[in-house]
Amino acid sequence: MENGEIEGAADDGVPVPAPPNGRRYRPVGSSDRAVIQMTSMEPGSSSSTAVAAVSGITPQPPRNLTVDPSMQEDHTVSQGDSKLELFGFDSLVNILGLKSMTGEQIQAPSSPRDGEDVAITIGRPKETGPKFGTMMGVFVPCLQNILGIIYYIRFTWIVGMAGVWQSLVLVSFCGACTFLTGISLSAIATNGAMKGGGPYYLIGRALGPEVGVSIGLCFFLGNAVAGSMYVLGAVETFLDAVPSAGFFKESVTVVNNTLVNGTATASTATISTPSLHDLQVYGVIVTILLCFIVFGGVKIINKVAPAFLIPVLFSLLCIYLGVFIAPRHNAPKGITGLSITTFKDNWGSEYQRTNNAGVPDPNGSIYWDFNALVGLFFPAVTGIMAGSNRSASLKDTQRSIPIGTLSATLTTTAMYLFSVLLFGALATREELLTDRLLTATVAWPAPAVIYIGIILSTLGAALQSLTGAPRLLAAIANDDILPVLNYFKVSEGAEPHSATLFTAFICICCVVIGNLDLITPTITMFFLLCYAGVNLSCFLLDLLDAPSWRPRWKFHHWSLSLVGALLCVVIMFLISWSFTVVSLALASLIYYYVSLKGKAGDWGDGFKSAYFQLALRSLRSLGANQVHPKNWYPIPLIFCRPWGKLPENVPCHPKLADFANCMKKKGRGMSIFVSIIDGDYHELAEDAKTACRQLDTYIEYKRCEGVAEIIVAPSMSEGFRSIVQTMGLGNLKPNIIVMRYPEIWRRENLIQIPSTFVSIINDCIIANKAVVIVKGLDEWPNEYQRQYGTIDLYWIVRDGGLMLLLSQLLLTKETFESCKIQVFCIAEEDTDAEELKADVKKFLYDLRMHAEVIVVTMKSWEPHMESSSSGAPQDDSQEAYTSAQRRISTYLSEMKETAQREGHPLMEDGKQVVVNEQKIEKFLYTMFKLNSTILRYSRMAAVVLVSLPPPPLNHPAYFYMEYMDLLVENVPRMLIVRGYRRDVVTFFT
């Protein structure tokens with residue numbers, strides 16, 4: 001049984017199936033009573049969690065029941081049990097996945113990826129991978145990523161170069177950026193269930209798939225490149241500790257004239273640096289070994305993680321112990337121990353040149369300043385996303401991510417600040433700048449402890465990067481936005497082996513570069529780009545404050561997110577404007593590629609919420625007052641319901657969208673495509689939704705800016721009357737009704753068309769809507785069929801300038817841009833033609849419209865004209881005129897006979913009509929003369945526009961259709977236009 005359906009039953013208990021075309025409910029009579037009984041779910045109970053007995057409805061057991069055999073005894077559904085279907089209880093059960101309440105197997109799509117199955121079995125949860133808590137799932141990975149190579153082999157050098165106070169500023173500056181990002185991350189992560197993908201998932205669901213994929217891929221590259229940085233750091237430390245392990249000759253740097261305290265000191269020191277080829281060889285080997293561990297899965301990684309982390313923490317303890325007991329008996333002269341004099345000497349900065357290895361050299365190629373140090377140090381505070389990268393493996397993301405991420409951030413930032421003070425008082429500036437592994441030199445009991453700590457620390461960070469990056473790439477691929485990433489898709493709970501291989505390939509390529517100082521700025525840009533995206537996401541969500549924005553993490557504000565985003569941008573430009581431009585260009589290229597090639601996805605992102613709120617605010621600001629003619633835009637309501645039938649699965653006439661585009665200037669504006677389905681709404685609601693989707697597809701295919709609406713109504717007339725009264729909001733209501741002229745009404749013998757057609761026109765007049773009726777729609781040119789000749793306007797009545805405006809809009813299209821406009825002014829014989837022509841020319845000049853003006857005089861109809869015109873020359877319209885007279889005379893005679901026979905006044909479609917035969921003849925003659933004039937002057941025109949005469953009051957609809965047929969006779973392409981009681985063009989600027 002479908003959700004929400006009710007199984008009706010007769011008195012004898014025989015169930016009555018629901019009708020196939022809709023949902024029917026048996027009305028509840030006054031004698032019926034309803035009893036609802038709710039019972040708790042207990043083992044061995046014969047009922048489900050909820051039991052409802054409703055009088056008049058015989059409960060039936062659920063069909064298609066799938067029960068785990070091991071639980072069958074406890075979950076047997078008795079014949080007397082029932083679900084609360086009348087109250088939609090079954091739907092609620094399906095949404096929540098409470099299988100024990102119904103005993104049914106249900107596959108519920110999970111937002112945001114439709115169609116993703118959530119399998120739940122009775123009494124047995126779905127088998128998934130291991131789930132981890134705050135400590136092992138977030139805090140430890142973040143700590144391992146943050147405590148990396150920079151602290152061990154670059155931090156003392158940074159203190160020596162920047163001095164104590166600027167190092168404190170540097171750490172605080174970078175730490176504030178990551179801390180504010182952590183707050184924004186916590187707010188978004190606690191706003192609902194979170195799936196795999198970490199920051200990509202958060203940014204994509206907040207800023208849309210295009211921004212999410214572009215920043216997500218950049219963040220993936222940042223993680224992959226960061227893995228190479230950690231590997232190079234571990235290898236460099238190993239080769240420094242064991243120089244004999246190198247296969248190639250070491251590089252030796254001789255330092256002369258080191259800048260100390262602002263003066264050049266003449267000293268010479270020999271400093272060994274590992275060979276580039278050794279770094280490459282060992283780096284590739286280590287990367288491959290780490291990949292084997294990653295292939296073992298998250299469970300093995302989390303077992304290995306403590307083995308990497310515990311030695312790191314122990315090495316930090318050894319460093320601090322060594323600092324407090326320094327100097328030891330074998331310590332270099334530059335290590336003074338904790339000294340206030342040394343602290344004062346190191347308080348200020350001493351920026352200078354170095355070579356590529358970071359060794360001070362007056363002739364070096366690199367000049368270091370505060371901005372450059374920001375780029376070097378910032379990777380030491382990255383890693384806050386390590387926990388969110390593994391969100392799919394967490395037990396409770398809404399609790400673990402905020403606590404674990406912020407705890408790791410505060411812990412490491414405090415440690416860095418404390419270390420600045422210690423190292424600034426520990427050694428002279430020369431020692432800080434020349435001893436690459438000062439942390440190992442001062443460590444207690446021996447440098448080997450620090451070497452081991454550095455290697456394990458960097459390998460642990462590399463392991464976390466090689467673990468998080470493939471999962472991030474797999475999450476992007478699983479969202480099915482970019483088809484090119486389909487190779488990296490994985491099923492739920494599976495390991496992303498393909499993504500791991502690709503990540504390893506990128507890591508190895510960066511390892512081959514072998515320059516740690518060149519890699520770190522690149523990583524910094526990618527991480528900062530991601531952090532800026534997280535902050536902007538939280539800022540946008542906080543500022544919009546949509547009803548769905550209810551994060552559990554309350555310690556956030558949009559101002560903090562904005563400051564965090566600005567800090568990220570400032571740091572990016574401080575480091576290197578060129579790297580910033582390159583990273584933004586890369587993200588923009590990915591964004592553009594996703595926009596072109598990516599599949600559309602609606603994730604309820606913040607941009608759409610912003611557009612919605614902006615639209616509401618704009619709508620309120622417009623108010624209900626009339627729009628000034630300078631700001632008037634056509635908002636056509638395209639009536640798709642054809643007169644007759646279209647081929648199957650064709651929701652609209654193929655040329656209607658082409659014509660709708662012709663009514664817009666440069667494609668700007670909105671069209672509303674409406675169709676009506678005759679019938680009962682309850683039975684045809686699903687059919688209407690299907691038709692609406694088909695119409696939406698048609699609009700998108702035709703590249704027309706518009707929306708689709710399908711109305712179910714008892715008849716076309718009633719449906720259109722509802723549409724014209726209610727469609728739109730405020731000043732965004734449709735102002736022009738566009739429909740096809742019913743050319744087939746006589747050929748198909750569709751007797752209901754005249755009354756429906758007249759009813760629609762009368763409804764538009766009453767609702768003050770303009771009307772454009774397209775005759776010859778089948779012949780309307782598409783965008784590739786260029787037209788030549790003229791666009792002829794037969795201006796008979798004042799219409800607010802709508803006909804003139806439509807002609808100008810046609811000229812803006814490539815199809816009609818080669819045409820010229822001719823304005824025909826229809827006047828009576830006694831009118832001063834020259835004066836009228838001059839007035840119209842002046843009017844068009846003031847409106848800035850170029851057109852040729854032609855005045856055509858027409859003699860008014862008089863009762864004796866019919867007999868006098870019988871001897872006039874015959875033209876193409878004469879035969880049509882005579883035939884129309886004959887048909888009207890026959891139809892009127894039949895009406896009179898019927899009225900006389902049945903003893904009531906003249907009636908048509910159940911309504912009383914008034915027939916004035918002289919007026920009928922006058923209308924026919926006027927249309928005849930107008931059609932003759934059109935054929936005389938505009939037979940070769942690209943398109944003809946003529947004023948629409950309103951249907952006479954209480955006039956037979958059949959007669960009006962005869963008038964209209966006579967007007968459009970032999971004219972291949974015509975727009976019949978009626979304006980409304982306001983101007984759509986103006987003289988004034």
Side-chain angles (χ1 to χ4, degrees), residues 114 208-210 546 595 599-605 607-622 624 627 631-642 646 649-677 681 684-713 716 719-740 760 763-764 767 769-772 774 777 783 806 809:
D114 293 337
E210 294 86 359
S595 302
K599 297 180 181 178
D602 186 5
W603 295 339
D605 54 86
F607 279 138
K608 288 186 172 59
S609 179
Y611 297 153
F612 181 75
Q613 292 199 24
L614 182 62
L616 292 180
R617 189 169 300 175
S618 301
L619 187 60
R620 287 196 300 267
S621 65
L622 286 175
V627 179
N631 300 323
W632 189 88
Y633 274 87
I635 305 178
L637 188 148
I638 313 297
F639 192 35
C640 301
R641 176 71 177 265
L646 290 174
N649 296 326
V650 177
C652 184
H653 193 287
K655 294 297 183 69
L656 268 177
D658 293 331
F659 178 74
N661 282 328
C662 289
M663 299 181 69
K664 302 173 185 176
K665 186 176 182 179
K666 297 180 181 179
R668 293 193 297 263
M670 181 181 70
S671 301
I672 304 175
F673 289 77
V674 174
S675 188
I676 300 173
I677 298 177
Y681 175 69
L684 299 176
E686 293 301 323
D687 293 343
K689 292 178 183 177
T690 303
C692 191
R693 287 192 293 269
Q694 292 177 348
L695 192 54
D696 266 326
T697 304
Y698 163 80
I699 296 171
E700 183 178 357
Y701 169 74
K702 292 300 245 178
R703 292 178 294 180
C704 183
E705 291 184 358
V707 296
E709 294 290 343
I710 301 294
I711 304 297
V712 180
M716 188 189 300
F720 184 83
R721 191 166 294 124
S722 300
I723 292 170
V724 81
Q725 293 181 77
T726 60
M727 188 67 68
L729 292 171
N731 272 321
L732 290 183
K733 292 182 178 180
N735 46 32
I736 301 178
I737 309 301
V738 179
M739 61 179 171
R740 180 188 183 188
I760 289 174
D763 290 342
C764 294
K769 306 288 185 185
V771 183
V772 176
V774 187
L777 186 62
E783 56 183 332
L806 287 177
L809 291 175

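We count residues from 1, following the sequence as given. Just the heavy atoms: all of them, side chains too, but no hydrogens, waters or symmetry mates, feed the values below.
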Kindly determine whether Leu637 and Ile723 satisfy side chain to side chain contact (heavy atoms under 4.5 Å, CB included), including the steps that lead there.
-> CA-CA 10 Å; Leu637 188 148; Ile723 292 170; 3.6 Å; yes

Between [X] and [Y], what is the shortest heavy-atom contact and its length?
X	Y	answer
Met727	Lys733	O-CG, 3.5 Å
Asp696	Ala708	OD1-CB, 3.5 Å
Val738	Pro636	CG2-CB, 4.0 Å
Ile737	Lys769	CG1-CB, 3.9 Å
Ala688	Val712	CB-CG2, 3.7 Å
Ala713	Gly719	CB-CA, 3.4 Å

Taking atom [atom1] of [X] and atom [atom2] of [Y], what is their separation to the nearest 0.5 Å?
X	Y	atom1	atom2	value
Met716	Ile677	CE	CD1	11.5 Å
Phe673	Cys640	CZ	SG	6.0 Å
Ile672	Ile635	CD1	CD1	7.0 Å
Ile760	Arg721	CD1	CZ	9.5 Å
Lys689	Ile710	NZ	CD1	13.0 Å
Ile711	Ile676	CD1	CD1	7.5 Å

Among all residues two or more places apart in sequence or in another chain, which pass the ring-ring contact (aromatic ring centres under 6.0 Å, His included) test with Phe639?
->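 Only Phe720 meet the ring-ring contact (aromatic ring centres under 6.0 Å, His included) criterion with Phe639.
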
Determine, step by step, whether Cys652 and Ser675 satisfy the side chain to side chain contact (heavy atoms under 4.5 Å, CB included) criterion, reporting the C-alpha distance in whole Å, the side-chain angles of both residues, the deciding distance to 0.1 Å, and the verdict.
-> CA-CA 8 Å; Cys652 184; Ser675 188; over 6 Å; no

Side chain to side chain donor-acceptor pair (under 3.5 Å) with Arg703: which residues, sequence neighbours excluded?
-> Glu783

Test side chain to side chain donor-acceptor pair (under 3.5 Å) applied to Asn735 - qualifying residues, sequence neighbours left out =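 Asn735 satisfies side chain to side chain donor-acceptor pair (under 3.5 Å) with no residue once adjacent residues are dropped.
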
Side chain to side chain contact (heavy atoms under 4.5 Å, CB included) evaluation trace for Glu709 with Val674 | CA-CA 5 Å; Glu709 294 290 343; Val674 174; 4.2 Å; yes

Holding to side-chain contact (heavy atoms from CB on, under 4.5 Å), I want the full list of residues that pass it with [X], two or more places apart in sequence or in another chain.
X	answer
Asp658	Lys655, Lys702, Trp780, Asn782
Ala770	Ile736, Leu802, Tyr980
Ser722	none
Ser595	Glu210, Tyr591

Before giving the answer on side chain to side chain contact (heavy atoms under 4.5 Å, CB included), spell out for Phe659 and Val772 the whole-Å C-alpha distance, their side-chain angles and the decisive distance to 0.1 Å.
-> CA-CA 11 Å; Phe659 178 74; Val772 176; 3.7 Å; yes

